[in-house]
Amino acid sequence: MPELPEVETVRRGLAPVLDGARLVRVEARRPDLRFALPDGFVQRLTGARIGTMSRRAKYLLAPLDRGDVLVMHLGMSGRFEVASAKAKQKPGEFHYAPSVDEKHAHVVFHTEDGETVTYFDPRRFGYMDLIPAEALADHPWFKGLGPEPLGEDFNTAHLKAEFAGRKQSVKATLLDQCVVAGLGNIYVCEALHRSGVAPERAAGSLKPKELAVLVETIRLVLAEAIEVGGSTLRDYAAADGALGYFQHRFKVYGREGEPCLKPGCGGTIVRIVQGGRSTFFCPVCQR
DNA sequence: CCCACGACCTGTGGGC
DNA sequence: TGCCCACAGGTCGTGG
């Protein structure tokens with residue numbers, strides 16, 4: 001479920017292997033993911049050294065010493081697996097089974113240190129591109145992006161300005177990456193539930209107090225998810241090297257028909273469809 | 001300009 | 001057991 005917390009968790013899992021690493025071999029096992037891989041993808045990466053892995057919204061960024069930035073988006077089903085050379089030396093502790101999903105292993109990066117990073121993506125909604133560093137900010141994928149929800153530019157004043165006069169539902173508005181960058185279907189549902197705001201409300205109808213609560217709640221929900229991802233990341237790393245998915249107990253998402261977990265609420269979670277996507281909420285405590 | 005909706009692609013799980 | 005449909009974390013383009 002690659003929303004911001006998952007992408008951040010993936011970044012943290014890849015950083016120890018890719019930060020400062022030189023790529024000695026790159027395999028593009030098919031010419032395209034969601035979009036065609038850029039011209040010379042393999043050649044432009046082979047021999048390049050990666051700087052420090054970073055993240056913007058749901059994009060992973062690997063800056064190269066040649067001036068390009070390798071930009072990666074996980075789409076719906078993208079994930080990485082790391083096969084560590086060191087890990088292979090301790091077969092009792094680590095076990096990597098590269099053939100489990102060979103069919104969807106679309107891109108493979110080999111580092112000078114003997115590490116292998118494999119990108120899997122069954123649905124192929126993910127994508128990669130090489131973009132000159134100086135052109136990143138003006139690139140269509142990044143130009144209109146809203147602030148990072150965990151940064152200081154995301155605050156009540158920002159949300160007030162973005163929500164002002166909007167008739168669109170607050171659910172759909174929060175999914176808009178131009179309003180705030182990195183939220184997805186799950187964490188919007190979770191943040192609205194925790195804030196006590198009904199998803200069908202027009203964004204422009206939220207009161208200042210509700211906006212303030214929403215800002216703080218979004219931060220909390222994402223920060224907690226990153227924390228969970230961090231601890232799960234250690235488990236995964238110890239188990240099989242897979243990155244990108246982890247367990248999380250959600251309060252509303254996927255809980256249709258189950259009792260609301262807000263203390264004293266007593267409501268039942270319902271599922272509706274907004275913009276073709278499922279929204280889960282409690283009609284009792286979300287108003 | 002704003003918004004709803006279908007498309008993209010494949011896998012999985014539930015119901016019959 | 002097998003088949004068919006609904007649905008799945010995200011964007012992007014089209015059309016009203």
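Naming: A, B, ... by sequence-line order, numbering from 1 per chain. Just so we're clear, the structure is a prediction, and the values are computed from it rather than from any experiment.
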*Asks:* Please give, in whole Å, the distance from C/dC7 C1' to A/Asn185 CG?
*Replies:*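 Nearest whole value for this atom pair: 12 Å.
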*Asks:* For the side chain of A/Lys58, counting heavy atoms from C-beta on, which of C/dG10, C/dC12, C/dA8 is nearest?
*Replies:* C/dG10
*Asks:* Regarding A/Gly75, tell me which of base, sugar-phosphate or nothing describes its non-hydrogen contacts under 4.0 Å with the strands shown.
*Replies:* sugar-phosphate
*Asks:* Tell me, which of residues 215-228 of chain A have any heavy atom that sits under 4.0 Å from an atom in DNA chain B?
*Replies:* none
*Asks:* Consider only side-chain N and O atoms of A/Thr279 and A/Gln274, and report whether a donor and an acceptor are under 3.5 Å apart.
*Replies:* yes
*Asks:* Does any N or O in the side chain of A/Glu258 come within less than 3.5 Å of the main-chain N or O of A/Ile269, such that one atom is a donor and the other an acceptor?
*Replies:* no
*Asks:* Taking the side chain of A/Tyr59 as its heavy atoms from C-beta onward, which of C/dG10, C/dA8, C/dC12 lies nearest to it?
*Replies:* C/dC12
*Asks:* Tell me whether A/Arg44 contacts the main-chain N or O of A/Asp39 through its side chain, where contact means a donor paired with an acceptor under 3.5 Å.
*Replies:* yes
*Asks:* Measure from the ring centre of A/Phe125 to the centre of the six-membered ring in the base of C/dT11, then say whether that distance is under 5.5 Å and the planes meet at under 30°.
*Replies:*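 It does not: the ring fails the test against the base of C/dT11.
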*Asks:* Return yes if a side-chain donor-acceptor contact under 3.5 Å exists between A/Glu81 and A/Thr118, otherwise no.
*Replies:*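 Checked: A/Glu81/A/Thr118 side chains show no N/O donor-acceptor pair below 3.5 Å.
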*Asks:* Watson-Crick or G-U wobble partner for B/dA7, using a 3.5 Å limit on both distances?
*Replies:*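 The base-pairing partner of B/dA7, which may sit in any strand shown, is C/dT11.
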*Asks:* Report yes if at least one side-chain N or O of A/Gln168 is closer than 4.0 Å to OP1 or OP2 of B/dC2; otherwise report no.
*Replies:*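 Looking at the OP1 and OP2 atoms of B/dC2, neither is under 4.0 Å from any side-chain N or O of A/Gln168.
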*Asks:* Could you check whether A/Lys58 pairs with A/Glu6 (Lys NZ or Arg NE/NH1/NH2 to Asp/Glu carboxylate O, under 4.0 Å)?
*Replies:* no
*Asks:* What's the CE-C1' distance between A/Met76 and B/dG11, to the nearest Å?
*Replies:*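 From A/Met76 CE to B/dG11 C1': 12 Å.
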*Asks:* Suppose you measure atom P in C/dC3 against the same atom in B/dC9; what distance do you get, rounded to whole Å?
*Replies:* 25 Å
*Asks:* Would you indicate whether A/Lys251, at its atom NZ, is surrounded by more than 12 heavy atoms from other residues, nucleotides or ligands within a distance under 6.0 Å?
*Replies:* no
*Asks:* In whole Å, I'd like the distance from the CZ atom of A/Arg34 to the P atom of C/dG10.
*Replies:*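 Taking atom P of C/dG10 as the reference, CZ of A/Arg34 is at 12 Å.
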*Asks:* Can you tell me how far P of C/dT11 sits from CZ of A/Arg56, to the nearest Å?
*Replies:* 12 Å
*Asks:* Round to the nearest Å and state the distance from A/Arg277 atom CZ to B/dC8 atom C1'.
*Replies:*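 The distance from CZ of A/Arg277 to C1' of B/dC8 comes to 14 Å, rounded to the nearest Å.
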*Asks:* Send over the distance from A/Phe280 CZ to C/dC7 P, rounded to a whole Å.
*Replies:*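 Between P of C/dC7 and CZ of A/Phe280: 10 Å.
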*Asks:* Indicate whether OP1 or OP2 belonging to B/dG11 is found under 4.0 Å from a side-chain N or O atom of A/Lys103.
*Replies:*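 A/Lys103 to B/dG11 OP1/OP2: side-chain N or O found under 4.0 Å.
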*Asks:* Does the distance from a Lys or Arg side-chain N to an Asp or Glu carboxylate O, for A/Glu8 and A/Arg12, drop under 4.0 Å?
*Replies:*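 Counted as a salt bridge, because a side-chain N and a carboxylate O are separated by less than 4.0 Å.
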*Asks:* Strictly below 4.0 Å: does A/Gln177 bring a side-chain N or O up to OP1 or OP2 of C/dT11?
*Replies:* yes
*Asks:* Ignoring hydrogens and angles, does a donor from either the side chain of A/Arg123 or the base of C/dA8 sit under 3.5 Å from an acceptor on the other?
*Replies:* yes
*Asks:* Sticking with atom P, work out how far B/dG6 lies from C/dA6, rounded to a whole angstrom.
*Replies:*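 One P to the other, the span is 13 Å.
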*Asks:* Please name the nucleotide paired to B/dC1 by Watson-Crick or G-U wobble geometry with both distances under 3.5 Å, or report none.
*Replies:*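 Its partner is none (no Watson-Crick or G-U wobble pair with both distances under 3.5 Å).
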*Asks:* Side-chain donor-acceptor pair under 3.5 Å between A/Asn185 and A/Lys171, yes or no?
*Replies:*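 A donor-acceptor contact under 3.5 Å links the two side chains.
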*Asks:* Can you check whether A/His104 has a side-chain N or O nearer than 4.0 Å to OP1 or OP2 of B/dG11?
*Replies:* yes
*Asks:* Tell me which nucleotide among C/dC7, C/dT11, C/dG9 gets nearest to the side chain of A/His73.
*Replies:*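 Taking heavy atoms from C-beta onward, the closest nucleotide is C/dT11.
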*Asks:* Which residue, A/Tyr253 or A/Pro140, contacts DNA chain C at a nucleotide closer to its 5' end, judged by nearest heavy atom?
*Replies:* A/Tyr253
*Asks:* Whole Å only: how far is the CZ atom of A/Arg124 from the P atom of B/dC8?
*Replies:*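 Taking CZ of A/Arg124 and P of B/dC8, I get 13 Å after rounding.
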*Asks:* Could you tell me whether A/Glu27 and A/Arg25 make a salt bridge, using a distance below 4.0 angstrom between a side-chain N and a carboxylate O?
*Replies:* yes
*Asks:* Between P on C/dG10 and OH on A/Tyr127, what's the gap in Å once rounded to a whole number?
*Replies:* 11 Å
*Asks:* Could you check whether A/Ser77 gets within reach of a base, just the sugar-phosphate, or nothing at all, counting any heavy atom under 4.0 Å?
*Replies:* nothing
